[in-house]
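Here's the structure we're looking at; comments come further down.
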Amino acid sequence: MMTTPRLLAGALFIAVIAAFPTAPVRGQDDGNPIFRYDANLEPRWSSPEGRNGEKGMSGMENGGGKGHPSEPIAAGATCVLLDVKGEGQVSRIWLTVDDRSPEMLRSLKLEMFWDGEAKPAVSVPLGDFFCVGLGRMAPFQNALFADPEGRSFVCYIPMPFRCGARIQVTNESGKELTRIFFDVDFQRTRKWDPNNLYFHAYWSRDRATTLERDFELLPRVAGRGRFIGVNVGVNANQAYQDLWWGEGEVRMFLDGDAAHPTFSGTGSEDYVGTGWGEDVFSNTYSGCLVADKKRAQWSFYRLHIPDPVFFAADCRVTLQQLGGGPVSRVSVLRKAGVPLIPVCIDHEGHLVQLYNNGINPTQAEMAASPGDWENFYRSDDISATAYFYLNSPTSGLPALAPVADRIRDVN
C-alpha cells in the first residue's frame, strides 16, 4: 500500500504524543481516539476577552463585538494571563506583542506558578522561553514550539497543576509595551494522576565563560523528573576570529553522578543532529534558527521527546566550552595571547591528546600538518533556556538574572 502524506503526518503526531509520558493531554496519551468523549476534561481559554475562562463570561465588552483583544503593560507592571484555583492542565499558550525587538523580548519576564507557590517554576525572558534564542525571531515549528510567520509565540508543552496555576508577564524594559495579545488554553480536570510532574524552565547567561569550565545548561535539580530539552544562544567571542566555537560536548549528570557524567556527546552541532558546522534548519526535535557568521551568533534547540531523559534523584546538564580550527591558525592566536587552552589535535583521524597529558602544545603544533584540526578551550557569551519536569512545583534554582544583565550586548 502506498504511504500518503496524510498517513505520514498522522504517524508523526502519534509518535510525538506517545513519547510524552509525563501527563500530556488526556484523550491522546491513554489510547482514547480523538472522537471519544472524555468526561475528565472541561475546556477553557483565558484571553483579554475572557480572563481565566469563566463559563459564559467571555466576549462581553462592546456589546459582544471586538472589545478587548489586547492589554498594555506599563513599565514595571505585570499582566496576568491566567490565575485559577483547582486542578487542571495548560495545553497551549499563544501570544504576540507589538514590540518584538531583541531588547524587549529579553526584558519581558514570563513566570509560571503552580499550586499557590510563591516561587515560580518558570521565570524566563519571554522570547527565550518560546525557543527564540538571542531574541531573534524566525518562522519555525517543532514538536513543542512554533512561530508560524516570525511574528508570534506558541507553546504546546502540557503543564498539569493540582491546586492552581498563575501565568504572568512583567515588563522590565523601562518603557510601555502597548499591546500583548494572548490565549492560554487549559482544561479543568477532575482526577489527579499521582505520576504527574510539574513543568519548569530555567534561563541563564554567562557573558564570558571561564576557560576549562562547562557552562551549566541546567544546574543540579533534586527530585524525580524528566529533562525535556534546551535552546541555546551563542554570541561567539570575535577574539577567536571566525574559528568554530561548537566543539563542546553536552554532558548529563544523572542520579548521583559526580566527577563524570552518565552521558557525553561529541560536539554542539552533533547534539542537534547535524555535523561539520551548523547552519539554519528547523526539524521536529532539533534545529538551528540563527546561524549568522557575520555577527557571530547562533541559536539552536534540542528536544528529548523520542529519547526521554528521566532521573530519579537529580539532574545536571552542561555544555563544554570548546572550539576548534586549523592548527596553523590556532597557534597564531595562542602566541598572540588570545585566551585559549589546547586540548587535542586531529591528525588524519588520529587524535593527539594534549590536555593534562604533559605534551608541549608548541611542539605538538610544530609536528602537526598545517591543516590538522586543533580543539581548544575558549570563552564565549552563552545563554540557554532548559525545559524540564519535576515532582515538585518549585525547583530551588536561582532567580532570573536582572534585566540589565539579560539585555547587555543584545542586538
Side-chain angles (χ1 to χ4, degrees), residues 70 72-79 93-111 122-142 145-155 168-182 201-209 215 217 230-238 245-246 268 272 278-282 287-301 319 380-387 400-411:
S70 67
I73 312 180
T78 295
C79 177
I93 301 171
W94 165 87
L95 62 84
T96 189
V97 293
D98 60 353
D99 183 347
R100 298 179 296 279
S101 64
E103 181 178 353
M104 180 59 79
L105 296 184
R106 276 278 172 88
S107 299
L108 294 172
K109 179 174 64 176
L110 175 66
E111 293 182 302
V122 173
S123 186
V124 175
L126 185 137
D128 293 83
F129 175 82
F130 286 94
C131 226
V132 180
L134 305 175
R136 296 185 59 176
M137 300 188 69
F140 78 97
Q141 180 168 355
N142 61 38
F145 297 96
D147 182 359
E149 297 185 80
R151 300 191 297 269
S152 63
F153 308 87
V154 188
C155 172
Q168 62 188 37
V169 175
T170 300
N171 180 3
E172 298 184 327
S173 70
K175 60 181 179 180
E176 182 180 53
L177 178 74
T178 308
R179 299 177 186 87
I180 179 171
F181 301 79
F182 63 88
Y202 174 77
W203 183 90
S204 60
R205 181 187 186 187
D206 188 340
R207 293 180 57 245
T209 58
F215 176 80
L217 301 173
V230 65
N231 80 77
V232 180
V234 177
N235 279 301
N237 185 343
Q238 298 192 40
W245 54 268
S268 300
V272 296
E278 193 169 328
D279 290 312
V280 172
F281 72 101
S282 177
C288 178
L289 302 179
V290 176
D292 189 335
K293 296 178 182 178
K294 182 177 181 181
R295 296 168 69 178
Q297 292 186 328
W298 282 260
S299 173
F300 57 93
Y301 64 86
L319 175 62
D380 292 294
D381 178 349
I382 309 293
S383 56
T385 304
Y387 311 99
L400 180 63
V403 66
D405 295 337
R406 306 197 308 260
I407 67 174
R408 190 168 297 149
D409 299 327
V410 170
N411 50 54

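- Closest heavy-atom contact between Thr385 and Ala201: CG2-CB, 4.4 Å.
- By the 4.5 Å heavy-atom criterion applied to side chains, Asp147 and Val154 are not counted as neighbours.
- In terms of heavy-atom proximity, Pro139 sits nearest to Pro148 at CB-O, 3.6 Å.
- Taking CE of Met137 as the start and OG of Ser299 as the end, the distance is 12.0 Å to the nearest 0.5 Å.
- Remark: the Ser282 side chain and the Tyr301 side chain contain an N/O donor-acceptor pair separated by less than 3.5 Å.
- Under the rule for a ring-ring contact (aromatic ring centres under 6.0 Å, His included), the partners of Phe145 that lie at least two apart in sequence or sit in another chain are Phe129, Tyr387.
- Side chains of Asn237 and Thr209 form no contact here, defined as non-hydrogen atoms less than 4.5 Å apart.
- Ser107 places a side-chain heavy atom less than 4.5 Å from the side chain of Val403.
- Thr170 and Thr78 share a donor-acceptor pair across their side chains, judged by distance under 3.5 Å alone.
- Of all the heavy atoms in Val169 and Leu110, the pair that sits closest is CG2-CD1, 3.9 Å.
- Formation of a donor-acceptor pair under 3.5 Å by the Arg136 side chain with backbone atoms of Pro102 is not found in this model.
- The CG atom of Asn171 sits 5.0 Å away from atom CE of Met104, with the distance rounded to the nearest 0.5 Å.
- Contact annotation: the side chain of Leu177 approaches that of Asp98 to within less than 4.5 Å [non-hydrogen atoms, C-beta and beyond].
- Proximity of Gln168 to Cys79: side-chain heavy atoms (C-beta onward) are nowhere separated by under 4.5 Å.
- When all heavy atoms of Asp405 and Arg205 are compared, the pair lying nearest together is O-NH1, 2.9 Å.
- Residue Gln297 forms a side chain to side chain donor-acceptor pair (under 3.5 Å) with just one option from Asp292, Asp381, Asn235, and that option is Asn235.
- For Trp245, the ring-ring contact (aromatic ring centres under 6.0 Å, His included) test picks out Trp298, Phe300, with sequence neighbours left out.
- Note that CD of Gln141 is 12.0 Å distant from SG of Cys131, once rounded to the nearest 0.5 Å.
- Summarising the geometry, atom CG belonging to Leu126 is positioned 6.5 Å from atom CG belonging to Leu105; distances are rounded to the nearest 0.5 Å.
- Listed here is the closest heavy atom pair of Phe130 and Cys155: CE2-CB, 3.7 Å.
- Between Ile382 and Val232, the closest side-chain pair of non-hydrogen atoms falls below 4.5 Å.
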Problem set entry | Worked check of side-chain contact (heavy atoms from CB on, under 4.5 Å) between Ser70 and Ile180 | CA-CA 5 Å; Ser70 67; Ile180 179 171; 6.0 Å; no
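- Under 3.5 Å, the side chains of Ser101 and Arg106 contain no donor-acceptor pair of N or O atoms.
- Annotation: side chain of Lys109 is not in contact with side chain of Pro125 (no heavy-atom distance under 4.5 Å).
- To the nearest 0.5 Å, the span separating CG on Asp409 from CG on Leu134 amounts to 11.5 Å.
- Taking 4.5 Å as the limit, some side-chain heavy atom of Leu400 sits within range of a side-chain heavy atom of Trp203.
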Problem set entry | Worked verdict on Phe182 versus Ile93 for side-chain contact (heavy atoms from CB on, under 4.5 Å) | CA-CA 7 Å; Phe182 63 88; Ile93 301 171; over 6 Å; no
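- Salt-bridge check for Lys175 with Asp99: passed, with a basic side-chain N closer than 4.0 Å to an acidic carboxylate O.
- Other residues, nucleotides and ligands contribute only 12 or fewer heavy atoms inside 6.0 Å of the CZ atom of Arg151.
- Side-chain atoms of Asn231 come within 3.5 Å of backbone atoms of Asp128 as a donor-acceptor pair (strictly under, hydrogens ignored).
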